[in-house]
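Just so you know, ligand 1 is whichever comes first in the structure, and atom 1 is the first atom listed for that ligand. It should be emphasised that the depicted structure is a prediction, and the values quoted were computed from it without experimental measurement.
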Amino acid sequence: MQVRQLSTQDADFSSRLDALLAWESVSDPQVQARVEDILTQVRTRGDEALIAFTQQFDRSQARQMSELEISQARLQQALQGLPDAQRQALETAAERIYRYHQRQRQESWSYQEEDGTLLGQQVTPMDRVGIYVPGGKAAYPSSVLMNAIPAKVAGVAEIIMVVPAPGGELNELVLAAAALAGVDRVFTVGGAQAVAALAYGTETVPKVDKIVGPGNIYVATAKRAVFGVVGIDMIAGPSEILVYCDGQTDPDWIAMDLFSQAEHDEQAQSILISPDAAFLQKVQESVAKLLPTMERQTIIDTSLRDRAAFILVRNETEGCELINRIAPEHLELSVADPQALLPQIRHAGAIFMGRYTAEALGDYCAGPNHVLPTSGTARFSSPLGVYDFQKRSSLIMFSAAGASEMGKVASVLARGEQLTAHARSAEYRILPD
Ligand SMILES: NC(=O)c1ccc[n+]([C@@H]2O[C@H](COP(=O)([O-])OP(=O)(O)OC[C@H]3O[C@@H](n4cnc5c(N)ncnc54)[C@H](O)[C@@H]3O)[C@@H](O)[C@H]2O)c1
Ligand SMILES: N[C@H](CO)Cc1c[nH]c[nH+]1
Ligand SMILES: [Zn+2]
């Protein structure tokens with residue numbers, strides 16, 4: 001297995017990189033068309049279509065929605081039945097995620113002007129959110145915690161979770177994580193049909209205000225399509241890792257870090273950038289050596305073949321420019337002094353600093369959220385956080401004196417816009433001299 005080798009000095013470097021990064025390279029017209037059809041069917045036929053797609057894509061035997069909902073008693077049973085080591089690991093991760101996210105909570109604020117006018121912002125939690133927990137090619141109890149804990153910290157009243165259960169098989173850790181995090185309802189449906197059910201509502205699945213969470217390209221494409229009907233957090237599609245290395249880290253470590261994201265999905269993307277050509281070659285040798293030892297060799301192999309690249313840069317500055325252009329979901333700065341590089345990094349979902357900071361720790365238990373923007377959307381999106389579950393309303397309360405003063409300003413501007421009802425509404429409140 002030879003990973004694609006690029007150099008910034010190649011004449012066609014830019015176009016080859018663009019092709020490799022393009023959203024359309026994963027969400028192609030067939031995916032788009034299939035997702036559109038699924039959304040329409042679930043919107044118009046509700047539960048019936050949801051059940052049919054779950055049979056088709058997840059090999060489910062279910063004939064009615066009651067078979068696709070997991071009771072609270074079953075969630076608790078999963079939590080009580082966990083082996084000690086798993087329960088402890090889950091609780092440690094949950095506690096660290098909770099502690100980190102508590103710092104993100106935004107509070108309402110206001111201030112008063114000299115004439116008594118009050119201005120401010122009232123922060124309120126969302127009423128009902130849908131969390132997508134992936135489950136096609138792997139089970140993700142960690143994603144239950146990463147989705148639900150910030151929603152809880154924000155004070156969301158009702159959390160509806162969807163998770164596919166291929167072949168009808170339930171994952172005990174996923175159910176236990178839902179119990180631990182306090183999820184209100186769990187439906188074992190996935191893919192675009194689950195996104196549609198949450199966005200439009202069905203006879204059984206309640207319509208939510210916002211859908212958050214990661215998923216494969218069908219999920220990411222569906223979330224993008226329903227935005228506007230509901231809120232979404234971001235595009236959190238197939239995983240990505242970009243490692244920048246000065247050439248001094250053990251090449252086996254770097255190869256495994258690249259595998260760690262490639263093993264999620266054939267469409268995951270792993271990129272290594274270095275100014276050291278000999279090091280890139282060494283990592284290539286580590287890839288060849290380690291790949292046959294991997295349980296998910298086939299997925300990793302396809303992902304590396306189709307979507308990976310090793311990129312030779314002239315120097316560190318050029319490396320940082322390239323990082324910002326790619327705007328990866330995960331960035332590892334595997335260098336002696338990562339903090340010195342930090343000021344040059346503007347676009348990355350999460351930045352893992354230093355040779356010891358394997359991205360995998362962030363996936364489970366560092367504390368920050370692992371739901372992160374992909375496909376270059378880290379240019380304008382942030383990690384999932386408490387702020388995704390909070391809304392802000394502006395607060396405005398004029399005193400009589402304040403309304404009089406600002407009434408004069410508003411009147412001039414309104415008349416400039418030829419909106420006389422606006423002008424006269426403001427003028428009524430102007431105090432006589
Ligand atoms: N960016 C992030 O924050 C983040 C975090 C965790 C995981 N991930 C990504 O989430 C994804 C999880 O993917 P997964 O597949 O394991 O689980 P998933 O739950 O995202 O997708 C499974 C669903 O995809 C649908 N599907 C699969 N093939 C289909 C087809 N041919 N036509 C229509 N629908 C189809 C099915 O409905 C199935 O239920 C991976 O890409 C992983 O990299 C991203
Ligand atoms: N790397 C994923 C985000 O792209 C998150 C995850 C969960 N479990 C393992 N990894
Ligand atoms: Zn991962």
| said: Taking backbone and side chain together, does His370 place any N/O/S atom at a distance below 2.8 Å from the Zn ion (ligand 3)? | reply: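 No, His370 does not qualify, because none of its backbone or side-chain N, O or S atoms lies under 2.8 Å.
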| So, Asp363 and the Zn ion (ligand 3): N/O/S under 2.8 Å, yes or no? |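 Asp363 does place an N, O or S atom closer than 2.8 Å to the Zn ion (ligand 3).
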Suppose I only count heavy atoms of [X] and a 4.0 Å limit; which atoms of ligand 2 are within that range?
X      : answer
Tyr364 : 8 (N), 9 (C)
Ser142 : 7 (C), 8 (N)
Tyr140 : 7 (C), 8 (N)

Check whether any side-chain heavy atom of [X] sits under 4.5 Å from a side-chain heavy atom of [Y], and report yes or no.
X      : Y      : value
Val195 : Val219 : yes
Arg59  : Pro166 : yes
Ser7   : Phe13  : no
Asn216 : Pro134 : no

Counting from 1, what ligand 1 atoms have a heavy atom of [X] closer than 4.0 Å?
X      : result
Tyr132 : 18 (P), 19 (O), 20 (O), 21 (O)
Lys137 : 14 (P), 15 (O), 16 (O)
Pro164 : 19 (O), 39 (O)
Ala236 : 1 (N), 2 (C), 3 (O)
Thr374 : 1 (N)
Gly190 : 37 (O), 39 (O)
Gly136 : 14 (P), 15 (O), 16 (O), 17 (O), 18 (P), 19 (O), 22 (C)
Asp265 : 40 (C), 41 (O)

Determine whether the side chain, the backbone, both or neither of [X] has a heavy atom under 4.0 Å from any heavy atom of ligand 1.
X      : answer
Arg34  : side chain
Ala138 : backbone
Glu329 : side chain
Phe53  : neither

| said: Between His264 and Phe259 (judged by ring centroids, cut-off 6.0 Å), do the two rings come close enough to count as a pair? | reply: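 No, too far apart.
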| message | Quick check on Glu240 - does any of its heavy atoms sit under 4.0 Å from an atom of ligand 1? | response |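 No heavy atom of Glu240 comes that close to ligand 1.
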| query | Quick one: does Ala268 get a heavy atom under 4.0 Å from ligand 1? | reply |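 The answer is no, since Ala268 has no heavy atom less than 4.0 Å from ligand 1.
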Counting N and O atoms only, with roles assigned by atom type, does the side chain of [X] sit under 3.5 Å from a partner on the main chain of [Y], one being a donor and the other an acceptor?
X      : Y      : answer
Asp301 : Gln297 : no
Tyr387 : Ala154 : no
Asn324 : His347 : yes
Glu240 : Ser375 : yes

| request: Kindly determine whether Leu258 and Phe310 satisfy side chain to side chain contact (heavy atoms under 4.5 Å, CB included), including the steps that lead there. | output: CA-CA 11 Å; Leu258 297 170; Phe310 286 0; 3.7 Å; yes
Taking [atom] as the point of reference, which of [options] owns the nearest heavy atom?
atom                    : options                : value
atom 27 (C) of ligand 1 : Val162, Asn216, Val133 : Asn216
atom 39 (O) of ligand 1 : Val219, Asp58, Asn147  : Asp58
atom 2 (C) of ligand 2  : His264, His370, Glu329 : His264

Among protein heavy atoms, which sits nearest to [atom], and what does the distance come to when rounded to 0.1 Å?
atom                    : answer
atom 12 (C) of ligand 1 : Pro134 CB, 3.5 Å
atom 28 (N) of ligand 1 : Tyr218 CE1, 3.7 Å
atom 5 (C) of ligand 1  : Pro214 CB, 3.2 Å
atom 43 (O) of ligand 1 : Ser239 OG, 2.6 Å
atom 10 (N) of ligand 2 : Asp363 OD2, 2.9 Å
atom 44 (C) of ligand 1 : Gly237 O, 3.1 Å
atom 37 (O) of ligand 1 : Gln193 NE2, 3.0 Å
atom 1 (N) of ligand 2  : Gln261 OE1, 2.7 Å

In terms of side-chain geometry, is the basic nitrogen of [X] or [Y] positioned less than 4.0 Å from the acidic oxygen of its partner?
X      : Y      : answer
Lys210 : Asp233 : no
Arg355 : Asp246 : yes
Lys137 : Glu266 : yes
Glu67  : Arg63  : no
Glu107 : Arg105 : yes
Lys289 : Glu285 : no
Arg307 : Asp265 : no

Geometric N/O contact [X] with ligand 1, under 3.5 angstrom:
X      : value
Leu372 : yes
Ser143 : no
Phe57  : no

| task | Apply the test side chain to side chain contact (heavy atoms under 4.5 Å, CB included) to residues Val335 and Tyr244: give CA-CA distance (whole Å), side-chain angles for both, the deciding distance (0.1 Å), then the verdict. | result | CA-CA 8 Å; Val335 298; Tyr244 178 82; 3.7 Å; yes
| message | Looking at ligand 2, is there an atom of it that comes within less than 4.0 Å of some heavy atom belonging to His330? | response |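 Within the 4.0 Å threshold, so yes.
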